[in-house]
Amino acid sequence: MTLFHIASSSERRHPVGAIMKRSKDPSTPQRPPRRDPLGFVPNAAWWSRREFLRALGQCSGAGLALGLPTQALTAEPKSPPSHRRKKIAILATEVRKWSHAQHFIDRFLEGYGWQGSHYHPPMVLAGLYVDRFPDNELSRERARRHHLKIYPTIAEALTLGGSKLAVDGVLIIGEHGAYPKNEKAQTLYPRHRMFQEVVEVFKASGRSVPVFNDKHLSWNWPWAKEMYDTAHNMGFAFMAGSSLPVTWRTPSLEMPTGACVREAVCVCYGGVDSYDFHGLETIQCMVERRAGGESGVKWVQAYRGENFWKACQAGVWPRDLMDAALTRSHTLTPARAGFNNVFPTLDDMRRLVKDPVAYRYEHEDALHCTMLLMDGLVKDFNFAARIEGRAEPFSTQMYLPMPDGRTTLANFFSPLVNNMEQMFLTGKPTYPVERTLLTTGLTAAGVESLYRKQARYDTPHLAIRYQPTRESTFWRT
């Protein structure tokens, strides 16, 4: 392709006249002038070499001033390289309405609302494995509609029926389903087994890809630590956790980096070995940003039933922080019948909350935290902390509108999926998996303290140190 024409001597002497003369000839096709990136309208066919080089230098200089690469203004554009869309595999315990697997699978297949548009992840859900098929299961319908194959084994979902790893990312959703419980009332979800089978495919294929594990790593602490160590030793990107650290916050604020945090509380709801993990994540994603970063946890003690109320009255955890967290709730149960905004007294709380649970624990740097499950009083996750140099409590709510009448879409899953996508595309975690390792251990330690008749449980195995990301990862509004 000819980029420019060097004008003849006669053309250089009378460039305007030559153009006008040419324009009078009706047989000459009139091509509209081309605009360069800076808005000029040159006619390269009539430039002298000197004029062309001068104009070229002006374009290049302006491009540098604009921060544009010079070659973009001087070279012929090249076709962008074609990139194969990345493929992912999802491994789920079961897929039914409102299950975690349904929320994740539908977002990868159908897209989701993101930053003012309906967004489709730039990757293909290529392999699906489902462990259980209840009567109300949805995976087969999704497979038919999207021409998606459900593979009978985890290995086949990762190899797409071949002999080697054939996907670029793996999502493990070991949540929901009719699985047995142990003597500590922990549901024995097969996250560790699913992870092990993934690792076997990695080893057999001689390569690995990023893995995301939904919620905590395992109900069994040694297995959770093994999962973390395996990912570290094999060198693949590994993330885990739930939506709590990445969902909206009301108000939309972040713990100041390097803050001196003395106490932290989360008031939330739900059951043991379930939503307690969410409450612990709510605290941890905030306090990890304190001065020095995370230092680990020395001990955990659980309080339940009457012991909970006795500890509350005795000031085991700070009542002002508990109250500050409650003021952030959107679902606070009215203390009296009817619509009202009366703040509940302790007697009101005792009447409304039938089975309260608290996990009180101390970090290695003397920070004390308390997670309060107060089912019947609230249905959300509310955080408050005492920060040195700040008179009033620092508080917010991790906004998690459940699809039980308040919302239909459970959009708090969308920022979690978006973080997964970033890891699958870049091979780099967006936040540290050590956070989930620690909250996994805290959940197991709280259950252990309850099992030991609410005795203090020392946790030298939770001396987990890490630094948070510089940038916040929660979803701004």
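We count residues from 1, following the sequence as given.
Between Asp375 and Lys354, none of the side-chain N atoms (NZ, or NE/NH1/NH2) sits under 4.0 Å from a carboxylate O, so this pair counts as no salt bridge. Between Lys181 and Asp273 there is no salt bridge, since none of the side-chain N atoms of the basic residue sits less than 4.0 Å from a carboxylate O of the acidic one. Between Glu448 and Arg452 there is a salt bridge, since at least one side-chain N of the basic residue sits less than 4.0 Å from a carboxylate O of the acidic one. Residues Glu263 and Arg360 are paired through a salt bridge, judged by an N-O separation under 4.0 Å between the basic side chain and the carboxylate. No salt bridge links Glu434 with Arg465; every basic N to acidic carboxylate O contact stays at or beyond 4.0 Å.
Although no hydrogens or angles enter the test, the distance criterion places no donor-acceptor pair under 3.5 Å between the side chain of Thr282 and the main chain of Cys266. Ser329 places a side-chain N or O within donor-acceptor distance of the main-chain N or O of Thr331, the cut-off being under 3.5 Å. With Arg456 contributing its side chain and Trp299 its backbone, the two residues share no donor-acceptor pair below 3.5 Å. Thr159 places no side-chain N or O within donor-acceptor distance of the main-chain N or O of Lys164, the cut-off being under 3.5 Å. Distance alone, capped at 3.5 Å, is enough to place a donor-acceptor pair between the Arg85 side chain and the Met123 backbone. The closest donor-acceptor contact from the side chain of Thr327 to the backbone of Ala324 lies under 3.5 Å. Formation of a donor-acceptor pair under 3.5 Å by the Ser139 side chain with backbone atoms of Val95 is not found in this model. Remark: the backbone N or O of Gly174 is paired with a side-chain donor or acceptor of Arg191 at under 3.5 angstrom.
Of the candidates Leu450, Thr370, Leu373, Ile283, Leu450 is the only one forming a side chain to side chain contact (heavy atoms under 4.5 Å, CB included) with Tyr359.
By the 6.0 Å contact criterion, NZ on Lys149 is open, its count of non-hydrogen atoms from other residues, nucleotides or ligands being 12 or less. Counting non-hydrogen atoms of other residues, nucleotides and ligands closer than 6.0 Å to NZ of Lys87 gives a total of 12 or fewer. Crowding of His232 atom NE2: a count of heavy atoms from other residues, nucleotides or ligands under 6.0 Å not exceeding 12. Annotation for Arg145: atom CZ counts as buried by contact number, over 12 foreign heavy atoms lying within 6.0 Å. Other residues, nucleotides and ligands contribute more than 12 heavy atoms inside 6.0 Å of the CD atom of Glu141. Surrounding CG of Asn341 are at most 12 heavy atoms belonging to other residues, nucleotides or ligands under 6.0 Å away.
Relative to the ring axis of Phe394, Arg390 does not place its NZ or CZ within 45° and under 6.0 Å from the centre. Figure legend: Arg476 and Phe474 shown as a cation-pi pair, the cationic atom lying under 6.0 angstrom from the six-membered ring centre and within 45 degrees of its axis. Both the sub-6.0 Å distance and the 45° axial angle are not jointly satisfied by Arg107 relative to the ring of Phe413.
Residues Thr396 and Arg249 bring no donor and acceptor atom of their side chains to less than 3.5 Å of each other. For the residue pair His216 and Glu281, no side-chain donor N or O sits within less than 3.5 Å of a side-chain acceptor on the partner. Side chains of His118 and Glu110: a donor-acceptor N/O pair is absent below 3.5 angstrom, by distance only. With 3.5 Å as the limit, one finds no donor-acceptor pair spanning the side chains of Ser99 and Gln102. Thr257 and Arg289 share a donor-acceptor pair across their side chains, judged by distance under 3.5 Å alone. With hydrogens and angles left out, the side-chain atoms of Tyr431 and Glu288 include no donor and acceptor closer than 3.5 Å. Residues Asp276 and Thr443 bring no donor and acceptor atom of their side chains to less than 3.5 Å of each other. No donor-acceptor contact under 3.5 angstrom links the side chains of Tyr189 and Asp214, judged on distance only. A donor-acceptor pair shorter than 3.5 Å can be found between the side chains of Ser472 and Glu254.
Nearest heavy-atom pair, Thr440 versus Ala224, reported as atom, atom and distance to 0.1 Å: CG2-CB, 3.7 Å. Closest of all the heavy-atom pairs between Thr459 and Ala445 is CG2-CB, 3.9 Å. When every heavy atom of Ser242 is checked against every heavy atom of Leu416, the shortest pair comes out as O-CD1, 3.6 Å.
Residues Val209 and Phe202 meet the side-chain proximity criterion, which asks for heavy atoms closer than 4.5 Å. Between Trp248 and Asn411 there is a side-chain heavy-atom pair separated by less than 4.5 Å. Put simply, the side chain of Phe343 does not reach to within 4.5 Å of the side chain of Asp348, judged on heavy atoms.
Between Tyr303 and Trp317, the ring planes lie perpendicular to each other; the angle is over 60°, past the 30° to 60° tilted range. Aromatic ring orientation, Phe195 versus Phe236: tilted (interplanar angle from 30° to 60°). In this structure, His278 and Tyr275 have perpendicular ring planes: the angle between them is above 60°, well past the 30° mark.
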side-chain contact (heavy atoms from CB on, under 4.5 Å) evaluation trace for Trp219 with Leu188: CA-CA 7 Å; Trp219 56 270; Leu188 308 185; 3.4 Å; yes
Step-by-step side-chain contact (heavy atoms from CB on, under 4.5 Å) determination, Tyr361 to Leu280: CA-CA 11 Å; Tyr361 52 99; Leu280 294 165; 3.6 Å; yes
Tyr399 and Phe381: CA distance, side-chain angles, deciding distance, ring pair (Phe, Tyr, Trp, His ring centres under 6.0 Å) verdict: CA-CA 7 Å; Tyr399 187 52; Phe381 294 83; over 10 Å; no
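Rounding to the nearest 0.5 angstrom, the gap separating the NE2 atom in His330 from the NZ atom in Lys379 is 15.5 Å. Residue Leu326 holds its CG atom at 8.5 Å from CG of Leu372, rounded to the nearest 0.5 Å.
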